[in-house]
Amino acid sequence: MSYGRFLLKRVLQGILVVWGVITVVFLLRFITPGSPVDFVAPQDASQELRQRIAAELGLNEPLYVQYVDYLVGLLNGDMGYSYIFGQEASAIVFGKLPATVELAVAATVVAVVLSIPLGVVSATRRHQPADYGATTFSLLGISTPNFWLGIMLLLVLAVQIDLFPVGRRGIAFSTAFWMLFEGNVSGMQTWLAHITLPALTLGTYFTALITRLTRSGMLDELGKSYVQAARAKGIPETLVRYRHALRNTLIPVITVVGLQLGTLIGGAVITEQVFNWPGLGQQVISAVNNRDWPVLQGSLIVIGTGFVLVNIVVDSLYAYLDPRVIE
Amino acid sequence: MTGESVDRRSFLKLAGGAAATAALAGCTGDDGGNGSGGDGNGTGGGGNQSTGGDQGTELPEPETREEYLQRANLLLHDQAPWIFLNRQYSVYGKSNRIEWEARRDERIDAYEIVPQEGTGVRITQSQMDSGLDPHDHRETTTDNIVLQSYEGLLGRDADGNIVEVLADGYERVEDGTVRFTIRQGVTFHSGEELTPADVAFSINRIVDDEVGGLVSPQSDQLSGVTGAEVVDGERAVDVSSDGINPIVFSLFASYCDIVQQSWIEENEGPFINSNMNGTGPFQLDSYEQDVSVSYTRYEDYWREPAPAETLEITAAGESSTRVNQLLGGETDIIVNVPPQDAGRVQENGNTELSPVPSTRVIYNAMVYNAEPFDSVEFRQAMNYAIDLPSIIENILAGFADPTGQPTLEGFVGYNSDVGPYESDPERAQQLVEDSGYAGAEITLHTPVGRYLGDLEIAQAVAGQIDELPNVSASVRQREFGTLAEELLDGDISTGPSFYLIGWGNATFDASQTIIPLLTTDGALTSYSNEEVDGLIDQAQSMAGEGAGSGDESGGTTEGGNSSGNSSN
Amino acid sequence: MVSPRTIRNLKREWRNNWLAKIGVALVVAILLVAVFAPLLAPYNPRSQSLEDSRLPPMGFTETENSTSSQFVNGSVQVVSERTTVNATWDHPLGTNQLGQDMLSRVIYGARTSLLVGALGTLLAMLIGVPIGLVAGYYRGRVDDALMRFADVMLAFPSLVLAVALVGLWQQAVWRIPDPFVAAGLAPSMPPDIVLPGTVIVVVGLVTWVWFARVARGEALSVREEEYVKAARSLGASDAFVIRKHVLPNSVTPILVLGTIQVAAIILLESALSYLGFSGTSLSWGFDINQGRDYLATAWWIATVPGLAIVLAVIGINLVGDWLRDALDPGLGGEGGSGA
């Protein structure tokens with residue numbers, strides 16, 4: 001199978017999964033007690049008014065008609081109107097998306113930058129203090145609830161010593177970025193000051209996870225015969241480690257990271273709550289509490305679709321690095 | 001219960017003009033005393049105080065509207081449909097960069113904020129707006145955002161007195177009709193002038209489902225109002241009501257924001273919900289949904305332009321986040337400083353507390369037809385079981401006043417002879433035995449973070465009840481949205497039978513607490529008692545002192561009346 | 001199922017692995033605490049005494065600005081005074097804002113965490129393992145359909161889906177009489193163990209996919225084994241083959257995954273409780289939520305239960321690592337759905 005065909009197949013699979021995501025999200029409303037009308041109608045609404053609202057929301061149609069309407073709407077970028085805010089749900093959802101993406105990307109950068117060196121050092125200096133340090137850190141990292149970590153960081157770094165600002169996004173990355181072109185670095189500084197603690201909070205679990213994977217992967221690879229052979233041939237140790245062993249280690253690591261991306265987004269939900277970060281996660285929670293179905297459904301679909309997209313990218317990368325998986 | 005009430009009513013009829021309130025207490029089977037704070041007999045029409053004993057002192061028949069309301073409050077104290085808790089304080093934190101006085105009605109009027117350094121002001125609330133359409137919401141948090149740009153016909157000063165805003169005169173034309181004359185020279189932010197047609201349209205958009213492309217959830221805030229029309233040839237609008245509607249001016253002092261008819265009609269809902277075109281002191285600069293709202297001051301405002309040039313309103317749900325933002329100099333005013341952080345705000349040097357008693361009463365409803373709360377002894381026992389002063393001192397750091405009736409002090413209809421229940425666990429235990437519900441297990445449903453210390457209050461109440469040997473109580477945390485949905489769905493049996501909630505009544509009139517919460521047909525009722533219904537019906541058919549005669553005088557005293565409430 | 005070789009491997013890994021020993025010690029300790037909570041807790045975790053609120057843990061002294069207000073001449077006067085609060089041995093871990101004993105609450109919180117972790121994992125196993133086994137055994141269309149469905153479930157972050165489901169559904173609470181209290185051994189303790197039913201069901205529903213994937217992998221490889229082929233050619237029914245051959249071979253990796261999942265679900269439960277979607281107030285996450293508002297004035301209310309979570313999850317993860325290293329079920333880094 002060629003790389004192109006592999007990609008095509010992967011994309012088609014992805015579309016199928018996204019359709020499944022939409023269907024599950026759509027059906028969610030029908031396995032939830034209560035009617036949306038209770039949340040939309042004024043408290044003293046008459047029975048006729050409730051009927052009228054139900055009709056306006058399309059709730060009186062048979063299930064399959066509502067389903068088809070919803071699918072057609074989505075294809076046109078229409079997620080319906082928020083029950084609470086009176087705006088298009090898609091505008092709300094996509095308005096919140098950048099904040100979450102910023103946070104998730106920042107956390108991933110933190111994780112990748114910290115974890116791979118840690119894992120490598122840990123594996124190559126086995127049973128030395130650096131290894132113990134890295135192992136302890138990663139054990140703590142995967143065992144600590146990230147919301148609690150966030151609270152503790154706030155307690156120490158924002159409340160006790162006033163190092164970081166608290167509880168605001170400050171400035172959007174895009175705004176800060178454009179300010180750079182005008183020679184203004186203050187926007188970037190504000191952005192960094194506000195995102196540091198949330199990104200550390202969200203990135204810690206991932207840092208720890210990738211450190212562990214890199215360490216055990218490196219240990220495996222370093223014990224393999226091709227490494228011994230390379231060493232015997234007199235290839236410099238750094239080259240053996242980084243050109244061969246690390247590369248082979250990272251391939252499976254990438255896959256696991258892709259699969260764990262859900263954890264990252266889940267973590268973002270709660271990190272946003274701790275740091276008052278106005279992203280999709282906060283939106284999901286408030287939409288659940290308000291039974292704002294169009295916004296809730298839209299948010300879940302965007303999150304699910306994002307996950308599928310990233311995994312397609314990861315798989316393509318994987319197949320590119322290691323063409324054997326295509327077969 | 002029902003049968004007994006009927007008996008009481010027949011008794012009232014037989015007794016002619018005098019009714020023995022003690023008999024009402026007596027139907028509780030109360031062994032002598034009653035729960036009220038004082039034993040003295042009320043004097044004049046002011047207070048009607050029950051004394052102990054089955055055939056106690058007879059109370060005179062009420063004569064004025066206020067006396068009917070006071071009688072209802074006394075009756076409700078004795079019947080204990082609630083565990084009476086506290087009057088909530090609005091505890092704001094403010095930086096020393098601004099000068100500002102907190103209002104009692106939970107509104108923040110940015111026009112009153114005077115910056116001492118710089119020209120901009122930032123306010124941090126607990127949550128953002130639910131869209132900017134001034135007629136499509138019910139929450140104080142949204143009010144605080146839209147009311148910087150929109151104004152009503154009448155308003156209130158910081159003490160709650162009615163003042164003229166977009167109306168420069170108002171009078172009662174006949175029983176069901178009042179007339180507002182519309183101020184000259186007022187412009188919308190779009191630049192166009194305010195017309196009487198805009199005013200009539202705004203009123204009709206709220207009360208008439210067919211007008212303005214909206215079924216407004218505020219129609220009951222203008223209760224009784226049926227419609228409005230422009231008076232031919234005059235710069236005035238006539239508003240008609242069902243019946244006398246004694247509190248109609250109060251309603252317009254708290255509610256009904258004026259919008260521009262053409263602007264509403266030419267734009268779609270999503271646009272109206274993300275833009276503003278009012279007559280107020282601040283115009284919208286930028287709107288980031290659920291994140292922040294920025295304003296600049298409106299230079300052509302009909303009064304002096306606002307002292308602050310720019311205004312930004314943001315939100316942080318966690319109270320600790322708000323406090324830290326204030327202490328860190330990131331904001332100028334924060335709402336709901338929790339008691340435990342009050343000391344930090346006060347001692348900081350750059351910030352201070354600005355507490356003010358609000359118009360919100362916090363209570364635990366006990367649904368009258370659900371076991372074990374269908375027993376009045378049991379309900380009274382719950383009131384005796386708690387130690388309200390300790391809750392106020394230890395949980396709320398004194399930022400609250402105890403209550404013993406639905407109506408707050410200073411409101412029309414407040415009965416000054418009725419005090420809070422005393423803490424008396426032994427009596428509570430005895431009353432539970434008498435009620436026949438010994439061994440009952442009850443669950444108190446409470447929202448979290450909605451009111452100052454709500455969860456802590458609920459936990460303390462449940463904990464203290466649980467200490468009675470013959471009742472066990474626990475707390476269930478609820479999301480406010482779902483709890484409110486269950487309470488508001490019009491079916492008393494679907495909701496929880498025991499819940500904590502707060503009721504804000506910016507009208508300073510007992511009727512707007514008792515009617516929705518404690519009469520048979522109330523929107524949020526947990527109680528039904530024919531006597532209460534009767535007393536309130538009587539009160540509402542009589543003109544109050546303010547509305548009946550004092551219309552032309554413009555502002556009325558607190559004794560005038562006003563209406564407005566929200567459960568948020 | 002558990003062969004002598006497995007036992008040997010476990011023993012071998014045990015001997016030179018002090019991390020495994022720490023892990024087992026932690027898990028055993030927490031299990032004992034959870035089981036004997038009514039006997040160990042010095043106070044009823046729910047009983048409050050407002051006068052003793054916010055006492056610091058042993059070794060700490062807290063200076064607090066206590067504020068009170070008075071209504072004078074129509075305006076509210078704020079009075080602030082500085083007081084020092086000392087810790088007392090009566091409450092070694094301090095008290096919370098209601099004067100409840102933190103130590104007792106941490107002890108009872110272990111029950112909620114472990115029960116939700118164990119029951120949630122069990123439910124996820126009961127859903128995921130059969131689906132995975134069937135998919136892997138039959139391959140083809142059944143496999144495709146089931147695995148695509150699993151992909152759909154995987155596309156939702158478990159916390160996000162759990163928040164949606166717990167938030168949208170009614171909170172069901174299961175009460176089980178506490179045997180110690182029923183036997184009269186701890187009369188002043190809460191009479192019931194309160195289980196957050198909706199939370200348990202939901203964490204099971206959002207994590208079964210991991211079990212399905214592992215079970216499927218095992219079934220795929222076992223069905224190709226010679227003895228399985230032989231059994232089938234002798235006419236054994238599919239159900240028989242799955243039960244007798246495929247399932248036993250999958251037990252090891254499923255157990256290892258199950259261990260890790262208990263830790264993941266404890267984290268998930270604490271996150272849900274923190275967000276206010278909790279069925280019980282005796283939960284570590286709930287207490288952290290409570291302590292959030294007291295960070296500046298009573299830091300221990302949020303700190304102590306957080307440490308308890310970390311200890312419990314570290315213990316379980318260490319045991320999981322030990323099992324994985326000893327049994328080498330080939331899980332790699334898969335599994336886990338930590339919050």
Side-chain angles (χ1 to χ4, degrees), chain A residues 13 16-18 20-21 23-25 28-29 31-34 135 139-140 142-149 151-152 154-155 159-160 205 209 212-213 216-217 252-253 256 259-270 273-274 281 284-285 288-289 291 296 299-300 303-305 307-308 311, chain C residues 19 148-149 151-170 213 263-264 266-268 270-272 274-277 284-285 288-289 291-292 295-296 299 302-303 305-307 309-318 321 325 332-339:
Chain A
Q13 259 179 12
L16 197 67
V17 173
V18 168
V21 165
T23 308
V24 167
V25 166
L28 198 56
R29 210 184 75 216
I31 53 170
T32 299
T135 314
L139 182 64
L140 280 173
I142 61 162
S143 306
T144 305
N146 70 5
F147 62 92
W148 185 70
L149 179 69
I151 290 175
M152 291 296 117
L154 272 179
L155 171 61
V159 176
Q160 304 288 4
Y205 175 82
L209 183 76
R212 276 164 72 96
L213 293 175
S216 62
V253 166
V256 174
L259 266 179
Q260 288 283 346
L261 214 83
T263 314
L264 185 76
I265 299 172
V269 170
I270 201 161
Q273 198 74 5
V274 172
V284 167
I285 292 173
V288 165
N289 290 336
R291 297 286 193 285
L296 176 61
S299 307
L300 291 176
I303 289 173
T305 308
F307 178 86
V308 171
N311 268 287
Chain C
L19 282 176
R148 283 297 87 78
F149 183 59
D151 283 346
V152 170
M153 294 305 291
L154 268 181
F156 298 107
S158 41
L159 180 62
V160 176
L161 195 55
V163 162
L165 292 179
V166 176
L168 294 172
W169 292 351
Q170 308 275 350
R213 289 173 65 99
I266 287 178
L267 288 177
L268 191 58
S270 69
L272 285 171
Y274 173 74
L275 292 174
F277 299 106
W284 293 333
I288 296 175
N289 177 332
R292 175 83 160 86
L295 273 191
W299 51 267
T303 309
L307 287 173
I309 297 178
V310 173
L311 282 179
V313 175
I314 283 184
I316 297 168
N317 276 332
L318 286 174
D321 285 353
D325 292 347
E334 214 175 273
S337 49

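So you know, we letter chains A, B, ... as the sequences are listed, proteins then strands, and number each from 1.
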Please report the C-alpha distance between Ile303(A) and Phe156(C) in whole Å, then the side-chain angles of each, then the deciding distance to 0.1 Å, and finally whether the side-chain contact (heavy atoms from CB on, under 4.5 Å) criterion is met. CA-CA 7 Å; Ile303(A) 289 173; Phe156(C) 298 107; 5.9 Å; no

Derivation of the side-chain contact (heavy atoms from CB on, under 4.5 Å) call for Leu154(A) and Arg292(C): CA-CA 10 Å; Leu154(A) 272 179; Arg292(C) 175 83 160 86; 4.1 Å; yes

Mind running side-chain contact (heavy atoms from CB on, under 4.5 Å) on Leu296(A) and Leu168(C) for me, showing each step along the way? CA-CA 11 Å; Leu296(A) 176 61; Leu168(C) 294 172; 4.0 Å; yes

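Both the backbone and the side chain of Val21(A) come within contact range of chain C, each with at least one heavy atom under 4.5 Å from a heavy atom of that chain. Contact of Leu264(A) with chain C is not made at all, since no heavy-atom distance falls under 4.5 Å. In this structure, chain C has heavy atoms under 4.5 Å from both the backbone and the side chain of Ile31(A). Contacts of Val269(A) with chain C are made by side-chain atoms alone, with heavy-atom separations under 4.5 Å and no backbone atom involved. Interface remark: Ile266(C) contributes no atoms to any contact with chain A (heavy atom separation under 4.5 Å). Contact of Leu154(C) with chain A is made through backbone and side chain together, with heavy-atom distances under 4.5 Å. Within the 4.5 angstrom heavy-atom criterion, atoms from both the backbone and the side chain of Ala164(C) approach chain A.
Taken from OG in Ser216(A) to CG in Asp325(C), the straight-line distance is 9.0 Å, to the nearest 0.5 Å.
Taking 4.5 Å as the limit, some side-chain heavy atom of Arg212(A) sits within range of a side-chain heavy atom of Asp321(C). In this structure, the side chains of Pro145(A) and Val310(C) come closer than 4.5 Å at one or more pairs of heavy atoms. Here the side chains of Thr303(C) and Ile151(A) are not in contact, with every heavy-atom distance at 4.5 Å or above. Residues Phe147(A) and Asn289(C) fail the side-chain proximity criterion, which asks for heavy atoms closer than 4.5 Å.
Between chain A and the residues Leu161(C), Val163(C), Val160(C), Ile314(C), the most heavy-atom pairs under 4.5 angstrom are made by Ile314(C). Taking chain A as the reference chain and counting heavy-atom pairs below 4.5 Å, the highest number among Trp169(C), Phe149(C), Tyr274(C) is found for Tyr274(C). Per-residue counts of heavy-atom pairs under 4.5 Å with chain A were compared for Asp151(C), Leu275(C), Ile309(C); the largest is that of Leu275(C).
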